Amino acid sequence: MKNEKKEKLEWWKSQGIEPYGRRFNREPIGGLSTERKDSVSIAGRIMTVRRHGKAAFCDLMDWSGRVQIYFKKDILGEEQFEKFKNLDVGDIIGVKGEIFTTHTGQLTVLVKDFILLSKILGTLPEKWHGLRDLEVRFRRRYLDLIVNSEAQNVFVARVKIINYIRSFLSGLGFIEVETPMMHPIPGGAEAKPFITHHNALDMDLYLRIAPELYLKRLLVGGMEKVYEINRSFRNEGISTLHNPEFTMLELYSAYGDYKEMMDLTENLITGIVKQVFNEDKIKFQDTDINFQSPWKKIYWEDCWKNLGIDNWRDINSVKQTLSEKHIDTEGKETLFDLLDLLFKRCIEPTLINPTFVVKFPVETSPLAKSWPDDTSMVERFELFIGGFEIANAYSELNDPVEQKIRFEEELQRPSERPKVIDDDYIEALEYGMPPAGGLGIGIDRLVMILTGCSSIRDVILFPLLRPKQ
RNA sequence: GGGCCGUUAGCUCAACUGGCAGAGCAGGGCACUCUUAAUGCCAAGGCUGGAGGUUCGACUCCUCCACGGCCUACCA
């Protein structure tokens with residue numbers, strides 16, 4: 001803390017004023033208008049000060065907006081004006097005054113009275129360039145939010161998107177539920193879990209990697225349309241698309257299928273684009289993404305044909321294509337690892353406008369219902385926007401015997417996940433789960449696309465960083 | 001985890017090939033009652049991320065460490 005700021009703090013105390021105030025009745029700054037001639041009461045942070053001897057203009061900011069306020073000595077009187085001189089950029093004050101317009105026509109509040117509500121002891125980042133240092137923006141997000149309106153906009157948009165999702169789903173009869181975040185057996189996705197320990201029960205628990213298996217138990221229980229906007233945790237690398245904890249929407253609709261999920265996804269996201277952003281196109285990085293319906297649908301299998309692979313199960317032709325494209329296959333041996341690599345490098349980057357990729361191999365989808373007349377494939381789609389995966393959905397496998405076989409087959413494949421079959425889930429299926437469509441949407445990534453952010457850290461308030469020092 | 005890059009005043013950035021570390025904003029003082037990146041004048045602000053090394057001399061070159069960014073890997 002700087003000595004000068006400490007001295008200011010002491011000055012306020014010496015005036016018998018508590019520099020950290022109490023409740024103050026105020027209205028949002030964003031609601032002020034030039035038509036108002038009555039007195040107003042507002043509060044917020046002083047963002048700029050332009051002093052002119054016996055008068056001064058300041059900008060006062062609250063979450064709803066910013067307004068210019070005008071301090072005049074002949075209005076405030078000697079004593080109040082002296083207090084004003086001891087205010088700093090960054091202080092939080094309450095103001096009572098009247099609206100007027102300046103000679104340049106700017107809406108301004110003439111300060112009749114003000115009160116200090118919170119004294120700043122630090123120094124705000126620079127008013128013109130703002131806070132650029134990414135590390136500081138993430139570690140001290142509060143400064144980012146105070147100073148960078150782009151940061152404010154992103155997180156306001158995030159809230160609006162999530163609110164829209166809730167009202168959209170509620171309108172379709174979905175109910176929001178909460179399922180455990182501490183799982184005795186991690187399941188519902190292929191990912192490395194975080195491990196924690198419960199002392200009283202003396203048992204290890206896993207932070208959830210997906211809520212899927214619990215939500216489907218609720219379908220067994222008769223809940224027909226459920227969703228959870230869930231935080232899930234995966235103990236893997238950090239990148240512009242990956243944070244160890246991330247937010248997903250998962251929903252399940254009894255008696256539906258993956259096609260229903262496809263329609264729902266398209267309606268939901270086009271609705272967000274229209275209602276929240278009032279657009280049907282969004283600029284992401286340097287390209288326009290067109291969200292207009294109908295969205296493109298392609299078969300996963302056709303992607304390979306387009307790359308010149310006639311039979312994607314032929315590992316040699318996959319390897320050959322990878323080598324022709326000079327893609328390093330280090331550490332990749334299985335057919336599906338190689339296919340995944342090829343897909344990520346050669347297909348994903350081309351899927352800019354929303355595109356459903358449909359019908360996946362059963363080996364990569366242990367919880368999905370098989371394709372009619374082709375048990376080697378499943379009723380599943382992934383949605384890609386802006387070159388990366390946004391959503392994943394399928395017709396849910398509700399046959400307990402088949403599910404058990406799929407789990408057992410999964411155990412045969414190498415995995416870093418603990419190798420335990422969730423027999424409790426199988427048992428639930430034995431009581432009958434209705435056929436259903438299920439959908440997962442990566443909320444952080446969706447927000448990225450819609451707000452033009454290139455890193456997931458830009459849309460998560462406090463992304464995980466190593467502690468400084 | 002691997003590769004590359006970055007870290008200089010509270011913030012945003014300079015400093016050529018190794019030769020006294022500089023500016024704007026913020027903060028301090030003075031002047032100024034319609035400014036809006038207010039303005040004018042004055043003063044102050046630094047162990048250049050940390051620890052070693054090379055050198056007469058290091059922000060600059062070398063080694064190690066810390067944190068971050070990008071790419072890559074695992075994944076969503």
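Note that the structure is predicted; figures quoted are calculated from it, not measured. Values below: all heavy atoms of this structure, side chains included; hydrogens, waters and symmetry mates excluded. Lettering of chains follows the sequences in order, A, B, ..., and the numbering in each one begins at 1.
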### Query
Counting side-chain heavy atoms from C-beta on, which of B/G27, B/C11, B/A76 comes nearest to A/Phe246?
B/A76

### Task
Report which part of the nucleic acid A/Phe100 touches: base, sugar-phosphate, or nothing (heavy-atom distance under 4.0 Å, all strands).
base

### Residue A/Pro125, side-chain atoms from C-beta onward, closest of B/U36, B/G28, B/C11
B/C11

### Task
Pick the P atom in B/U63 and in B/A21, then give their distance to the nearest Å.
25 Å

#### Entry: Rounded distance (Å) that lies between atom C1' of B/A76 and atom CZ of A/Phe233
15 Å

### Query
How far, in whole Å, is B/C47 from B/A26 if one measures between their C1' atoms?
23 Å

### Task
Tell me the partner of B/U7, counting only Watson-Crick (N1-N3 plus N6-O4 or O6-N4) or G-U wobble (N1-O2 and O6-N3) with both under 3.5 Å; none if nothing fits.
B/A66

### Task
Could you tell me how the ring of A/Trp300 sits relative to the ring of A/Trp304: parallel (under 30°), tilted (30 to 60°) or perpendicular (over 60°)?
perpendicular

### Task
Assign the ring pair A/Phe100 / A/Tyr70 to parallel, tilted or perpendicular, where the plane angle (0 to 90°) is split at 30° and 60°.
tilted

### Summary
Atom CG of A/Leu134 and atom C1' of B/C5 are separated, to the nearest Å, by 14 Å

### Query
So is A/Arg445 actually on top of A/Phe246's ring, under 6.0 Å and inside 45° of the axis?
no

### Summary
A/Lys85 atom NZ is separated from B/G28 atom C1', nearest whole Å, by 15 Å

### Task
For A/Thr240, answer base if it contacts any base atom (sugar-phosphate contacts may also be present), sugar-phosphate if it contacts only those atoms, and nothing otherwise; contact means non-hydrogen atoms under 4.0 Å.
sugar-phosphate

### Task
Sort out the partner of B/A58 for me: Watson-Crick or G-U wobble, both distances under 3.5 Å, none otherwise.
none

### Query
Quick one: is A/Lys127 getting a side-chain N or O under 4.0 Å of the B/C11 phosphate, OP1 or OP2?
no

### Message
For B/A38, give the paired nucleotide (Watson-Crick: N1-N3 plus N6-O4 or O6-N4; G-U: N1-O2 and O6-N3; both under 3.5 Å), or none.
### Response
none

### Query
Can the positive tip of A/Arg140 be found less than 6.0 Å from the middle of the six-membered ring of A/Tyr142, inside 45° of the ring normal?
no

### Query
Once you round it to whole Å, what is the distance between P of B/A76 and CD of A/Glu382?
8 Å

### Query
For B/U35, does OP1 or OP2 lie under 4.0 Å from any side-chain N or O of A/Arg50?
no

### Message
For A/Phe168, give me all partners under ring-ring contact (aromatic ring centres under 6.0 Å, His included), at least two apart in sequence or on another chain.
### Response
none

### Query
Does A/Phe388 stack onto the base of B/A76, taking stacking as ring centres under 5.5 Å apart and planes under 30° apart?
no

### Task
Describe the nucleic acid contact of A/Leu143 in one word from base, sugar-phosphate, nothing, applying a heavy-atom distance below 4.0 Å.
nothing

### Message
Under 3.5 Å for both donor-acceptor distances, Watson-Crick or wobble: does B/A23 have a partner, and if so which one?
### Response
B/U12

### Query
At their closest point, which heavy atom of A/Ile289 faces which heavy atom of A/Ile352, and how far apart are they?
CG2-O, 3.8 Å

### Message
The side chain of A/Asp133 is closest to which nucleotide in this list: B/G10, B/U12, B/U72?
### Response
B/U12

### Query
When the C1' atoms of B/C61 and B/U48 are considered, how many whole Å apart are they?
16 Å

### A/Val89 side-chain proximity, nearest of B/G68, B/A26, B/A76
B/A26

### Task
Would you mind pulling out the nucleotide paired to B/C47, Watson-Crick or G-U wobble, both distances under 3.5 Å?
none

### Summary
Against the side chain of A/Arg345, the closest entry in B/C71, B/A73, B/U12 is B/A73

### Task
Answer yes if the side chains of A/Asn243 and A/Arg457 hold a donor-acceptor pair under 3.5 Å, and no otherwise.
no

### Task
Give the rounded distance in Å between these two atoms: CG of A/Leu249 and P of B/A76.
17 Å

### Message
For B/C32, is there a stacking contact with A/His52, counting only centres under 5.5 Å and planes under 30°?
### Response
no

### Task
Could you tell me which nucleotide pairs with B/U33 by Watson-Crick or G-U wobble geometry, both distances under 3.5 Å, or answer none if nothing does?
none

### Query
What does A/Ile75 touch in the nucleic acid at a heavy-atom separation under 4.0 angstrom: a base, only the sugar-phosphate, or nothing?
nothing

### Message
What contact category does A/Gln106 fall into here, base, sugar-phosphate, or nothing, at under 4.0 angstrom with non-hydrogen atoms?
### Response
base

### Message
Using OP1 and OP2 only, check whether a side-chain N or O of A/Arg466 sits under 4.0 Å from B/C67.
### Response
yes

### Query
Between B/G28 and A/Lys8, is there an OP1 or OP2 to side-chain N/O distance shorter than 4.0 Å?
yes

### Message
Between B/A76 and B/G6, how far apart are the two P atoms, rounded to whole Å?
### Response
34 Å

### Side chain of A/Ile456 (C-beta onward), nearest among B/C13, B/A38, B/A76
B/A76

### Residue A/Glu389, side-chain heavy atoms: nucleotide from B/C71, B/A76, B/C67 that is nearest
B/A76

### Sugar-phosphate only, base, or nothing, as touched by A/Asn235 at under 4.0 Å among non-hydrogen atoms
nothing

### Message
Is A/Arg457 close enough to B/G69 that one of its side-chain N or O atoms is under 4.0 Å from OP1 or OP2 there?
### Response
yes

### Query
Taking atom C1' in both B/C20 and B/U36, what distance in whole Å separates the two?
40 Å

### Query
A/Ile46 CD1 to B/G27 P: how many Å, rounded?
11 Å

### Message
By nearest atom, which of the nucleotides B/U12, B/A37, B/A26 is closest to the A/His129 side chain?
### Response
B/U12

### Task
For A/Arg66, answer base if it contacts any base atom (sugar-phosphate contacts may also be present), sugar-phosphate if it contacts only those atoms, and nothing otherwise; contact means non-hydrogen atoms under 4.0 Å.
nothing

### Message
With a cut-off of less than 4.0 Å, is there a side-chain N or O of A/Arg51 near OP1 or OP2 of B/G28?
### Response
no

### Member of A/Arg137, A/Arg139, A/Gln152 meeting the side-chain hydrogen bond (donor to acceptor under 3.5 Å, both in side chains) criterion with A/Asp144
A/Arg137

